[in-house]
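First, the structure itself, so that you have it in front of you.
Keep in mind it's a predicted model, so treat the numbers as computed, not measured. Letters go in sequence order (proteins before strands), and every chain restarts at 1.
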Amino acid sequence: MSDQGLRHRRPHFIKPNDDIPSVSGPLLMEERAFEPGVDENAITSIVYNNPFASLSIQQQRSRLPIFKNRSHILYLLEKYQTVIVVGETGSGKSTQVPQYLVEAGWAADGRMIGITQPRRVAVVTLANRVSDERQCGLGDEVGYTVRFDDVTSSKTKIKYMSDGIMLRELMSDPLLTRYSVIMVDEAHERSMNTDLAIGLLRKIISIRSDLRVIISSATLDAELFRDFFELNETNDPSKDTATIISVEGRAYPVSTFYTKTGAPNYLDATVDLVIKIHKNEQPGDILAFLTGQDEVELACDRLREQSKNLKDCDKLWVVPMYGGLSAREQLKAFDSTAYRTRKVVVATNIAEASVTIPGIAAVIDCGFVKMRVINPKNGIETLMVIPISQSSAEQRAGRAGRIRPGKCYRLYPESEFDKLLPSTIPEMQRSHLAPVILQLKALGIQNVLRFHYLARPPADAMKQGLELLYALGAIGDDGLLTSPLGINMADLPLPPMFSKVLLSSGEFECSEEIAIIIAMTQIQDVFVVPGGGKRHRAEVVKRKFSVAEGDHLTLLNVFQNFIQNGRSKNWCNQHFLNYRGLIRAENIREQLVRYLKQCKIKMVSCSGLIGSTAKIRRCLVNGFFPYAARYDHTGNYVTIREEYPFKVYKGSAIMYRPEYPKWVIFTDVLQNSIRDISEIEPEWLYELAPQFYDFGTEGEIASKKRRTDDLDSTRKANLN
DNA sequence: AACCGAGAA
């Protein structure tokens, strides 16, 4: 496989830009042979395209490619503590390996086989599938646990869970004593939770020699995982504790085409290419990747428009696919295609790994993705459009080769592909670290700098994370979690600044309101922006919900109206509100209230009290003081600490004000815009966060700064 | 005027 360390050139891409005229005429494509991309999402392939549906369960099981490796895997697990299973599309490892383990007696002593997944749907689908195969009720021998949903019992031997749940379980059972084997599935995706789980498992196996770990990974990362888990420090290979096994998959070859020159506008290029394929190519559905909802909808509109004018060819059926769609709308992409009709699914990255659309013959890859990245200058995470990695491009291409040989069209030249990063930067290296540090400390790992990370985060990010936690009062001068604040913060399923707000809401006499506001900020897009002629009406309705003090009180207002109107779906539709999101918000609110009661924080409402909105906004400042900004003569908001300029998100409630507030805090950022903004008084900042903001003469500030510097060095000594 | 990808506790 390619050497990861050697190729780290920055990609040079042209971003879509409406000013640049689009290419006219046919796109020129070059073909190159292509190895099918590795696809770990075997679950959905089994569920949606099961070629053996008519066979008995046992016959089906024995026909899966992995069945050939059954005894080998069991043998390796006797000999090695860690086994890396490299499995291609449809190998069946996620469903079969746990069953092999049970059959071989690994669950005989009352311990469980735990399988972690990065996604809830996968957890539920897999558990259902395997309980069917074992002909037991869900929750008996086979069960699962995800947030808000625990379907296990004392009889459970095979337990599927989200990796986030495993991290939670580690808090009460740090050595995972209830498990004999842990299988970490989809490890190559390198999500934050998976990486963290792997780092912790590495620590556990060095203590618990009876625990076995199975990592399921793609080819590219297999050696990385093996070396990470290898405990043998001698040169004697017979003492190795980690090994790799490859399992054959069921992927078909995909031929890849590149453009001769870069497409100036990938959206136009996508639309042109779909039409061109539709006119000239054999029947077969198309999957096109774009970066966001707006792009997807725009491309769909144009395709529908253009397909009207087509003559002498099949119909074109255009289906959008992105996370913001309701379950029912998403399911449309799974409908089979009518006679003489070609389906084209225009999707965001949701179709790269999370959702597998069956029967795709051709993939169009724009080469970009929208991703959260951290700005090292100000430590603020932002969503940005950036070039994909080579492994991501291969994953996209592989979506065309699931049931027969397929084609992948990349809207960039091969020379650009060569410049892409070999694999996507692990989330651990592009995110805020405060949550990670908090979690590690709660698990008793005090020296977070020395922790054995699968991907070591940048030192600056680590420093920023520690500083934030210190400023929030979650860790003390000794570097330990404070009690009860730090310990409670680690317990909450929220980012640290939100946890701080929630846990202090009792003191500010507004815990009822804050629990709602925080739950509402955890769901995206409460306001639905409808297409076409309804846009203006939606805007008018939204305006009615808006509160002058800002978005947080607006969110509170929306939620309270939703409850007062009987949680009605109809009412939501009439008011252009996201019903699904509001239901989820209520769920989250209930969970947060349970946590608050556990932490012995009083549930009080400030409703009707004098200065009630000030109480709420002060409470928000108590956690979000690092995200304070003032209105600048340039028309931007400038963060107080780093003096970093931001625009106001067009959907913010403060847009409706005749004049922008001078001082605000914000709780979310996208691109270069702040959103979820509330007006504050500047005095609150140095009143509530004196460690962060100074107020006084130059001399007073200087002497205060000296004191904090001293504190800094003692703190650093304690942390290192 | 149009700036929220995908996940998870």
Item to complete: Select base, sugar-phosphate, or nothing to describe what A:Tyr322 touches, counting heavy atoms under 4.0 Å on all strands.
Response: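 Result for A:Tyr322 = sugar-phosphate.
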Fill in: Sugar-phosphate, base or nothing in reach of A:Glu427, heavy atoms under 4.0 Å
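It contacts base atoms.
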Discussion item. Over all strands shown, is A:Arg372 touching base, sugar-phosphate only, or nothing at heavy-atom distances under 4.0 angstrom?
Written reply: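 The answer is base, as A:Arg372 lies within the cut-off (heavy atoms under 4.0 Å) of a base atom.
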Practice prompt. Could you check whether A:Leu494 gets within reach of a base, just the sugar-phosphate, or nothing at all, counting any heavy atom under 4.0 Å?
Written response: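 Result for A:Leu494 = base.
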Worksheet item: Mind checking what makes ring pair (Phe, Tyr, Trp, His ring centres under 6.0 Å) contact with A:Tyr631, not counting sequence neighbours?
Response: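 Per chain and number, A:Tyr631 pairs via ring pair (Phe, Tyr, Trp, His ring centres under 6.0 Å) with A:Tyr637, A:Tyr660.
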Worksheet item: 5'-most contact on DNA chain B: A:Gln293 or A:Gln522, nearest heavy atom basis?
Response: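 By nearest-heavy-atom nucleotide position, the 5'-most residue is A:Gln293.
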Discussion item. Once you apply a heavy-atom cut-off of 4.0 Å, does A:Leu383 come out as touching a base, just sugar-phosphate, or nothing?
Written reply: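 Counting heavy atoms under 4.0 Å across all strands, the contact made by A:Leu383 includes a base.
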Worksheet entry | Salt bridge flag under 4.0 Å for residues A:Glu297 and A:Arg302 |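 Answer for the salt bridge query: no.
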Discussion item. Reading DNA chain B from 5' onward, which residue's closest nucleotide shows up sooner: A:Leu492 or A:Asp668?
Written reply: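 Its nearest nucleotide being more 5', the pick is A:Asp668.
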Discussion item. For a quick check of understanding: with a heavy-atom distance under 4.0 Å over all strands, which category does A:Asp163 fall into, base, sugar-phosphate or nothing?
Written reply: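 It contacts nothing in the nucleic acid.
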Discussion item. Would you say that A:Asp365 contacts A:Phe417 through its side chain, given a criterion of any heavy-atom pair below 4.5 Å between the two side chains?
Written reply: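 Not in contact.
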Worksheet item: Can you pull the contact range of chain A along DNA chain B, 5' to 3', using atoms under 4.0 angstrom from its heavy atoms?
Response: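 Boundary nucleotides touching chain A, in 5' to 3' order, are B:dA2 to B:dA9.
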Worksheet item: Any side-chain heavy atom of A:Lys93 sitting closer than 4.5 Å to one from A:Ile214?
Response: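 Result no, sub-4.5 Å side-chain heavy-atom pair not found.
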Worksheet item: Base, sugar-phosphate, or nothing for A:Thr291, non-hydrogen atoms under 4.0 angstrom?
Response: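 Counting heavy atoms under 4.0 Å across all strands, the contact made by A:Thr291 is with sugar-phosphate only.
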Fill in: Pairwise side-chain hydrogen bond (donor to acceptor under 3.5 Å, both in side chains) hits with a residue in residues 159-175 of chain A, at least two apart
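Found A:Lys159-A:Glu169, A:Lys159-A:Tyr179, A:Asp163-A:Thr194, A:Glu169-A:Tyr179, A:Asp173-A:Thr177.
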Discussion item. Please confirm whether the ring centroid of A:Tyr266 lies under 6.0 Å from the ring centroid of A:Phe368.
Written reply: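 That pair passes the under 6.0 Å test.
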